[in-house]
Amino acid sequence: MTDQTRRTFLKQAALGTAAALAYPSANVLGANDRVRVGMIGVGDRGNDLLGQVRGVHGVELVAMADVYSRRRDEAQSKVAVIQTFDDHRRLLDLKDVDAVIVASPLHCHARHFLDTLAAGKDLYSEKTMTWSIPEAEKCLAAAKDSGRVVQIGLQYESSGALVDAKQWIKDGWMGKVTQVESWMSRNTPHGKGQWVRSVPSDCTAQNVNWSAFLNGRPDRPFDPFRLINWRLFWEFSGGNCAENMVHQMAWIMSALDLPEPTAAYMSGGVFSEKDVREVPDTIAVTFDFPKDVVVTWQSTFSNKHYGLGDRILGSDGTIEHHFDEALQYWPERTNRSEGEDIKGKTHDQDHMRNWIECVRSRGTPNAPAEIGYRSAIAVHMANLSYRMKRRITLEDAKAATPGY
Ligand SMILES: NC(=O)c1ccc[n+]([C@@H]2O[C@H](COP(=O)([O-])OP(=O)(O)OC[C@H]3O[C@@H](n4cnc5c(N)ncnc54)[C@H](O)[C@@H]3O)[C@@H](O)[C@H]2O)c1
């Protein structure tokens, strides 16, 4: 061993010890043991995930934490024996919880991520991994140090389309890829705001742990509209880049093995949804990547004609990806005259089952913190550019102070 490698080894060993001290060891599960799951934040998406995890063999749902009593009652009506809490820390204190699913609003993700790992539990956290870049840095480091199994709710990372796209690119059928176009279009009935949810009559200060929802945001009187419609406000949300673009960016970055963007520029505004929202409903983003690749993402809430999709454009071929449809490949006759049109054949994996299997095997799931991080960085670069009204580089974005 050279001095340099010995120093590195000693440093790593010291870090390993520090990490082991900082993160309690997880319960060791045998292949036939039940995985005991807790959930934090069981609103719309949390209820989907509750159904998904109950469908995985050998899982027992033992506890849930949600700040709103209505959500706790709903969970108990589905799983009578479940323990409920209005503070996620009480759930994390439970020794009989092995793994935790987080589906809270974006501004709470990092807190729930870090607390879950610090409690020695494995984690499934909804996308976008974090609300800001500094939080993303902390969560990635914690995921690495803790040795816990972390899956981000980027379910298209478990798609057969991703397996096929990677294979076709690896096999050289695309030639040099310089551009990717992606889009997400949705429409909204006249007079109804996209994403706007009505506030249930029982959503009162008595029934909500309001300070837990605020999670360090400036204190103020209970505001049920913001609790239910957190997506509309920068303080709690990352707008449509965090809600939808992140899925497509993660998929594109994985398919092409791209690192974080080097620069981003986002334009748009609140053009169609003239209500109290702060986050834009109309968006055009351009990302520069190393390796000579430009990726664009365009989105509207007032026309759904073109649906949702990605097109990877290469000198030798084109891949078109529509979510929930077979992947398509066409050769570019200019450079690949003998090539054939191909449809993707690989089946999707169940993203939740993939996580539970990794909790047992200690393997790496399909959407680990690392792709959660890279896709979160793209989201935050786009939003920072929009809010600063200028092109932003990765370095500038990392140095910027997130605000709302
Ligand atoms: N992967 C996907 O396809 C997908 C789809 C939809 C939503 N999501 C993500 O899921 C997350 C939740 O979205 P949603 O539509 O379910 O929101 P929601 O408002 O319906 O649900 C959030 C729940 O968290 C609770 N909550 C708020 N603060 C909390 C706290 N500090 N501790 C515990 N509980 C708290 C709320 O009471 C609510 O029940 C978001 O990050 C969203 O982006 C992912």
Side-chain angles (χ1 to χ4, degrees), residues 41 43-45 68 103-109 126-128 131-132 181-205 208 210 213-215 217-249 264-287 296-309 323 376 378-392 397 400 402-404:
D44 258 42
R45 181 60 177 169
Y68 181 13
S104 51
L106 181 66
H107 74 293
C108 298
H109 284 185
E126 262 311 338
K127 46 45 66 172
T128 291
W131 177 86
S132 72
E181 307 169 344
S182 59
W183 65 96
M184 180 263 167
S185 35
R186 204 176 256 192
N187 208 343
T188 315
H190 292 306
K192 260 191 127 257
Q194 180 65 233
W195 282 348
V196 179
R197 295 173 176 170
S198 55
V199 176
S201 58
D202 67 356
C203 189
T204 60
V208 173
W210 177 237
F213 167 76
L214 284 178
N215 187 37
R217 299 298 189 252
D219 200 12
R220 76 208 67 176
F222 178 62
D223 181 343
F225 187 83
R226 274 177 163 67
L227 174 82
I228 300 293
N229 291 293
W230 57 267
R231 260 186 190 74
L232 310 184
F233 305 100
W234 288 120
E235 219 178 342
F236 313 115
S237 174
N240 206 20
C241 291
E243 291 302 312
N244 287 296
M245 183 188 78
V246 69
H247 283 299
Q248 292 173 267
M249 287 308 292
Y265 179 71
M266 168 165 153
S267 54
V270 182
F271 296 162
S272 56
E273 314 289 312
K274 298 284 185 190
D275 51 23
V276 293
R277 81 187 55 214
E278 295 168 353
V279 298
D281 51 49
T282 308
I283 295 173
V285 196
T286 305
F287 293 104
T296 58
W297 186 76
Q298 167 261 313
S299 176
T300 166
F301 281 169
S302 58
N303 181 300
K304 65 170 188 174
H305 188 76
Y306 290 106
L308 175 74
F323 291 76
V379 165
H380 300 313
M381 286 177 69
N383 281 335
L384 283 165
S385 158
Y386 173 78
R387 301 193 68 195
M388 294 162 98
K389 299 198 181 313
R390 67 172 175 85
R391 179 177 183 270
I392 191 157
Y404 28 82

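M184 contributes atom CE, which lies 9.5 Å from atom OG1 of T300 (distance to the nearest 0.5 angstrom). Residue E243 holds its CD atom at 7.0 Å from OG1 of T128, rounded to the nearest 0.5 Å. To the nearest 0.5 angstrom, R277 atom CZ is 7.5 Å from S272 atom OG. Q298 contributes atom CD, which lies 11.0 Å from atom OG1 of T286 (distance to the nearest 0.5 angstrom). Rounding to the nearest 0.5 angstrom, the gap separating the CD1 atom in I392 from the CG atom in N383 is 10.5 Å. Residue R45 holds its CZ atom at 13.5 Å from OG of S104, rounded to the nearest 0.5 Å.
No donor-acceptor pair closer than 3.5 Å links the side chain of H107 to the backbone N or O of E235. At distances below 3.5 Å, not a single donor-acceptor pair connects side-chain atoms of W183 with backbone N or O atoms of T296. Remark: side-chain polar atoms of S185 are paired, donor with acceptor, to backbone N or O of G307 under 3.5 angstrom. Of the possible donor and acceptor atoms, one in the side chain of Q248 sits under 3.5 Å from a partner among the backbone N and O of G309. Using modelled atom types, no side-chain atom of N229 and backbone atom of L232 make a donor-acceptor pair closer than 3.5 Å. Side-chain atoms of W210 come within 3.5 Å of backbone N or O of R220 as a donor-acceptor pair.
Side-chain atoms of C203 and I228, non-hydrogen and from C-beta on, do get closer than 4.5 Å to each other. Counting heavy atoms from C-beta outward, R391 and S385 have side chains that stay 4.5 Å or more apart. Between V285 and M381, the closest side-chain pair of non-hydrogen atoms is not below 4.5 Å. Using a 4.5 Å heavy-atom cutoff, the side chains of C241 and M266 are in contact. Residues Y386 and V279 are not in side-chain contact: their nearest non-hydrogen atoms beyond the backbone lie 4.5 Å or more apart. Two residues are said to be in side-chain contact when any heavy atoms from C-beta on lie closer than 4.5 Å; P402 and H380 fail this criterion. Contact annotation: the side chain of S237 never approaches that of E278 to less than 4.5 Å [non-hydrogen atoms, C-beta and beyond]. Between D281 and N240, the closest side-chain pair of non-hydrogen atoms is not below 4.5 Å.
Across all non-hydrogen atoms, the minimal contact from M249 to A378 is CE-CB, 4.3 Å. The heavy-atom pair separating V199 from P224 by the smallest distance is CG1-CB, 3.6 Å. When every heavy atom of G239 is checked against every heavy atom of W234, the shortest pair comes out as N-CZ3, 4.4 Å. For A242 against L106, the heavy-atom pair with the smallest separation is CB-CD2, 4.0 Å.
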Derivation and outcome, ring-ring contact (aromatic ring centres under 6.0 Å, His included), residues W195 and F301: CA-CA 10 Å; W195 282 348; F301 281 169; 5.1 Å; yes
Derivation and outcome, ring-ring contact (aromatic ring centres under 6.0 Å, His included), residues F213 and Y68: CA-CA 9 Å; F213 167 76; Y68 181 13; over 10 Å; no
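Residue-environment remark: OH (Y404) exceeds the threshold of 12 foreign heavy atoms within 6.0 Å.
At a threshold of 4.0 Å, the pair R231-E273 does not count as salt-bridged, since none of the basic side-chain nitrogens sits closer than that to a carboxylate oxygen.
In this structure, R217 satisfies the cation-pi test against W131, with its NZ or CZ atom closer than 6.0 Å to the six-membered ring centre and inside 45 degrees of the ring normal.
F225 and F233 have perpendicular rings, their planes meeting at more than 60° on a 0 to 90° scale where under 30° would count as parallel.
Residues satisfying the salt bridge (Lys or Arg N to Asp or Glu O under 4.0 Å) criterion with R387, sequence neighbours excluded, are absent altogether.
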